[in-house]
Amino acid sequence: MNLSELDSRLVALREKAKEVRDPTAADETLEYILRLVETRKPQKILEIGAAEGLTSCAMLLCSDAQLTAIECDAARAARAREHFRLFGLEQRAALCEGDAAEILPMLEGGYDLIFLDGPKVQYRKYLPDCKRLLKRGGVLLSDDILLFGWVRGEPPKKRRMLVEHIREYLRLLESDAELQTEILELGEGLAVSIRL
Ligand SMILES: C[S@@+](CC[C@H](N)C(=O)[O-])C[C@H]1O[C@@H](n2cnc3c(N)ncnc32)[C@H](O)[C@@H]1O
């Protein structure tokens with residue numbers, strides 16, 4: 001789906017979020033995700049690090065899926081709930097407010113699509129739960145895995161620790177025999193892993 005086909009209110013909310021530097025998926029990343037949603041028609045979606053729920057809303061508006069969104073920031077979680085109401089999606093969206101590390105182990109599996117976009121240093125920790133929660137043939141999308149080219153290049157000193165976490169996460173993804181992973185240079189990098 002082209003982003004110009006999105007509900008104009010959602011386009012405006014995304015623009016506003018970018019202006020105030022509130023995080024949301026890059027345009028090209030969101031376009032890729034929406035194309036994936038349209039072709040794969042997931043019935044159950046999980047978003048880890050949902051912020052104001054703008055990507056969640058976009059995925060729900062172009063599918064008939066049920067979605068679980070995890071967000072630890074209370075103000076963002078409240079806005080996500082407002083956005084679900086605004087677009088009439090509250091019956092299909094469940095917001096879990098809190099730390100993903102505590103919420104993920106409590107979720108039951110069967111997800112067709114997981115969008116992992118929470119704290120990058122925690123990706124490794126979340127991976128076993130993501131695999132447990134994902135159906136065979138399901139897709140795990142991990143966002144921001146190239147971080148301004150730092151992951152494949154030379155990071156600034158201050159960012160070395162973060163970059164090492166991501167490099168290790170990528171090694172885990174790429175060496176996992178149960179996942180088939182491709183790295184796309186969209187936004188700050190998107191890993192697309194299919195659960196075999
Ligand atoms: C990059 S933003 C998410 C953007 C969102 N996925 C979108 O596309 O609109 C990352 C979000 O993860 C949330 N977050 C950070 N640490 C978290 C944690 N431990 N558990 C749950 N959410 C967390 C942040 O509050 C932030 O809203």
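Order of appearance sets the numbers: ligands from 1, and atoms from 1 within every ligand.
Interface of G118 with ligand 1, defined as ligand atoms under 4.0 Å from a residue heavy atom, comprises 12 (O). Less than 4.0 angstrom separates some heavy atom of E47 from each of these atoms of ligand 1: 5 (C), 6 (N), 7 (C), 8 (O). Taking every heavy atom of A51 and a limit of under 4.0 angstrom, the matching atoms of ligand 1 come to 3 (C), 4 (C), 5 (C), 27 (O). Below 4.0 Å from some heavy atom of Y126 lie the following atoms of ligand 1, by number and element: 18 (C), 19 (N). Of all the atoms in ligand 1, the ones that sit under 4.0 Å from a non-hydrogen atom of D99 are 18 (C), 19 (N), 20 (N).
With rounding to the nearest 0.5 Å, the separation of CD in E164 from CZ in R124 is 9.0 Å.
For ligand 1, none of its N or O atoms has an N or O atom of F115 under 3.5 Å away.
The shell of residues lying under 4.0 angstrom from ligand 1, judged by heavy atoms, excludes A17.
Electrostatic pairing of R152 and E185 counts as a salt bridge here, judged by a charged N lying under 4.0 Å from a carboxylate O.
Side-chain atoms of L116 and E47, non-hydrogen and from C-beta on, never get closer than 4.5 Å to each other.
Put simply, the side chain of D112 gets close to the backbone of K44: a donor and an acceptor are under 3.5 Å apart. Remark: side-chain polar atoms of T29 are not paired, donor with acceptor, to backbone N or O of A25 under 3.5 angstrom.
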